[in-house]
Protein chains: 2
Amino acid sequence: MTISARVHYATLALIELALRQSEKTPVAVREITRRHGIPGPFLVQILRTLRSAGWVQSVRGSQGGYRLAVEPADLTLLEIAEAVGCAESNCQTDATDTPANRMVHEIWDAASEASRAVLARTTLAEIADRTAQDDAVMFYI
Amino acid sequence: MTISARVHYATLALIELALRQSEKTPVAVREITRRHGIPGPFLVQILRTLRSAGWVQSVRGSQGGYRLAVEPADLTLLEIAEAVGCAESNCQTDATDTPANRMVHEIWDAASEASRAVLARTTLAEIADRTAQDDAVMFYI
DNA sequence: TCATACTTGACTAATCGGATCAACTTTCTA
DNA sequence: TAGAAAGTTGATCCGATTAGTCAAGTATGA
């Protein structure tokens, strides 16, 4: 469960889309990259993945952009991380299959499971809401 | 907290040394590599790190080898992972510092902390003991 | 004195994550 | 109906990290 830049950017983009769900026109890639400082073509690549996961819709042509296609409350950070991140194969070695080897692997698995549990119980809706609150405070100041 | 082969091998080696603490002569590298299927020169490299951490002692010359230099109950898997593994810098990006960015980073930190907690509460003594039991069962069969 | 075993430092090969580019298609708008 | 604005796709590149190797040297027991 290594959190790569890819996963981080994907999450930021989804938050942005979640916060602007009510807008009529879709959100252009350039707006997202500008607001969050994400390298442009890289975000495009990430959005492609999000689209094939069915979480965003794209609208082509002028005035085009991206729109969230799911309920933010239904999407967990674990799902995002697993869909966007690469293979999360934990610790592949050629070590002999011994009791010690199995025992140690159990611990790595338990550690991995612990962090996955944290991500699994956090939804996009939660962080979007909390972000919105912070944004409001910033605006007020 | 990615578990690399390096960390895995280090842990296996330390278990082996822990189980053979009572032996008169130190344990040769070759014995460890054979029993656990660890690439020879690679293990040497790892043992160097363990030695500079002060966890193992080396004995040179004929009949030489390695010996555990600490109480297995005092060594946690987290310490091993952090000493042997490389930089565990979680998610470095150039993303703009926004509420969303901070919020998301908090979650990654929480996830990382959860897995570290698991490793922090597991000691070398525990896994060595449990391994010894499994070994005994295998021998009995 | 020789075989055994650790020491050290440099070196290589493969993989992966991050990032970029160019050529193309779609759609709006003037 | 032309052109500008946007997304689409596939290929590609680069640098860092990891896994793993090698060779020359040193210490020690038999």
Side-chain angles (χ1 to χ4, degrees), chain A residues 1-13 17 24-34 36-53 56-67 69 81-95, chain B residues 1-10 12-13 17 24-34 36-52 56-67 69 81 83-95 108:
Chain A
M1 260 301 106
T2 302
I3 299 301
S4 58
R6 195 180 294 264
V7 173
H8 188 71
Y9 292 151
T11 309
L12 290 179
L17 295 184
K24 290 273 171 59
T25 58
V27 182
V29 172
R30 193 172 304 172
E31 291 180 55
I32 305 178
T33 64
R34 265 213 282 267
H36 296 280
I38 305 174
F42 194 24
L43 180 59
V44 168
Q45 195 184 97
I46 294 165
L47 284 168
R48 221 193 297 185
T49 309
L50 297 181
R51 195 172 67 106
S52 39
V56 302
Q57 277 179 347
S58 64
V59 180
R60 299 175 70 152
S62 174
Q63 309 293 317
Y66 285 87
R67 211 193 304 268
E82 293 193 330
V84 173
C86 300
E88 23 99 35
S89 53
N90 227 354
C91 183
Q92 294 188 345
T93 68
D94 297 340
Chain B
M1 257 303 106
T2 302
I3 299 302
S4 57
R6 194 181 295 264
V7 172
H8 188 71
Y9 292 151
L12 290 179
L17 296 183
K24 290 277 173 54
T25 57
V27 182
V29 172
R30 191 172 306 171
E31 291 181 54
I32 305 179
T33 66
R34 266 213 279 267
H36 296 279
I38 304 173
F42 194 26
L43 180 58
V44 168
Q45 194 186 96
I46 293 166
L47 285 168
R48 222 192 294 184
T49 309
L50 297 181
R51 195 171 67 105
S52 39
V56 304
Q57 279 179 347
S58 64
V59 180
R60 298 174 68 149
S62 174
Q63 308 295 314
Y66 284 86
R67 211 192 304 267
V84 174
C86 298
E88 23 98 33
S89 54
N90 227 354
C91 182
Q92 294 185 345
T93 67
D94 297 339
W108 306 148

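Naming convention: chains lettered A, B, ... in sequence-line order (proteins, then strands); numbering from 1 in each chain.
We find the CG-CD distance between A:Leu17 and A:Glu31 to be 10.0 Å, quoted to the nearest 0.5 Å. The line from CZ of B:Arg51 to CZ of B:Arg67 is 14.0 Å long, rounded to the nearest 0.5 Å. The CD1 atom of A:Ile46 sits 10.5 Å away from atom CD1 of A:Ile32, with the distance rounded to the nearest 0.5 Å.
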Pairs: protein N or O with nucleotides 24-26 of chain D N or O, under 3.5 Å:
{"residue": "D:dT26", "atom": "O2", "partner": "B:Arg60", "partner atom": "NH2", "Å": "3.0"}

All N/O pairs under 3.5 Å across the protein-nucleotides 21-23 of chain D interface:
{"residue": "D:dT21", "atom": "O4", "partner": "B:Gln45", "partner atom": "NE2", "Å": "3.3"}

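Take B:Val29 and apply the side chain to side chain contact (heavy atoms under 4.5 Å, CB included) test, not counting sequence neighbours, and it matches B:Thr33, B:Leu43, B:Val44, B:Leu47, B:Tyr66. Considering only residues two or more places apart in sequence or on other chains, B:Gln63 meets the side chain to side chain contact (heavy atoms under 4.5 Å, CB included) condition with none of them. Evaluation of the side chain to side chain contact (heavy atoms under 4.5 Å, CB included) rule for B:Ala95 yields A:His8, A:Tyr9, A:Leu12, B:Thr93, B:Asn101 as partners, not counting sequence neighbours. Evaluation of the side chain to side chain contact (heavy atoms under 4.5 Å, CB included) rule for A:Arg34 yields A:Arg30 as partners, not counting sequence neighbours.
A:Tyr9 places its OH atom 4 Å from the P atom of C:dA19, with the value rounded to the nearest Å. In this structure, CG of B:Asp94 is placed 10 Å from C1' of C:dG18, rounded to the nearest angstrom. In this structure, CG of A:Leu47 is placed 9 Å from P of D:dG7, rounded to the nearest angstrom. A straight line from CG of A:Leu12 to P of C:dG18 spans 13 Å, rounded to a whole angstrom. Regarding B:Lys24, its NZ atom lies at a distance of 16 Å from the P atom of D:dG29, rounded to whole Å. Taking atom CG of residue B:Leu43 and atom P of nucleotide D:dA19, one finds them 14 Å apart after rounding to whole Å. At whole-Å resolution of the value, CZ in A:Arg67 and C1' in D:dA6 are 14 Å apart. Separating the CD1 atom of B:Ile32 from the P atom of C:dA5 is a distance of 13 Å, rounded to the nearest angstrom.
Here the shortest heavy-atom pairing between A:Gly64 and A:Pro26 reads C-CG, 3.8 Å. Pairing each heavy atom of A:Ala10 with each of A:Val84, the nearest pair is CB-CG2, 3.8 Å.
You'll find that the side chain of B:Val44 is closest to C:dT8, out of C:dT8, D:dG7, C:dG18. Closest approach to the B:Arg6 side chain among D:dA19, C:dT8, D:dG7 is made by D:dA19 (side chain taken as heavy atoms from C-beta onward). Out of C:dA3, C:dG18, D:dA6, the shortest distance to the side chain of A:Ser4 is found at C:dG18.
A:Val59 comes within 4.0 angstrom of sugar-phosphate atoms only, judged by non-hydrogen atoms across all strands, and of no base. The residue A:Gly64 sits close only to the backbone: its heavy atoms come under 4.0 Å of sugar-phosphate atoms, none of a base.
A:Ser58 has a side-chain polar atom (N or O) that falls below the 4.0 Å cut-off from OP1 or OP2 of D:dT8.
Mapped onto DNA chain D by nearest heavy atom, A:Gly61 and B:Gln63 fall at different nucleotides, with A:Gly61 at the one closer to the 5' end. Nearest-nucleotide assignment on DNA chain C puts the 5′-proximal partner with B:Ser62, out of B:Tyr66 and B:Ser62.
Inter-residue side-chain proximity for B:Thr25 and B:Val59 is flagged as unmet; no heavy-atom pair is nearer than 4.5 Å.
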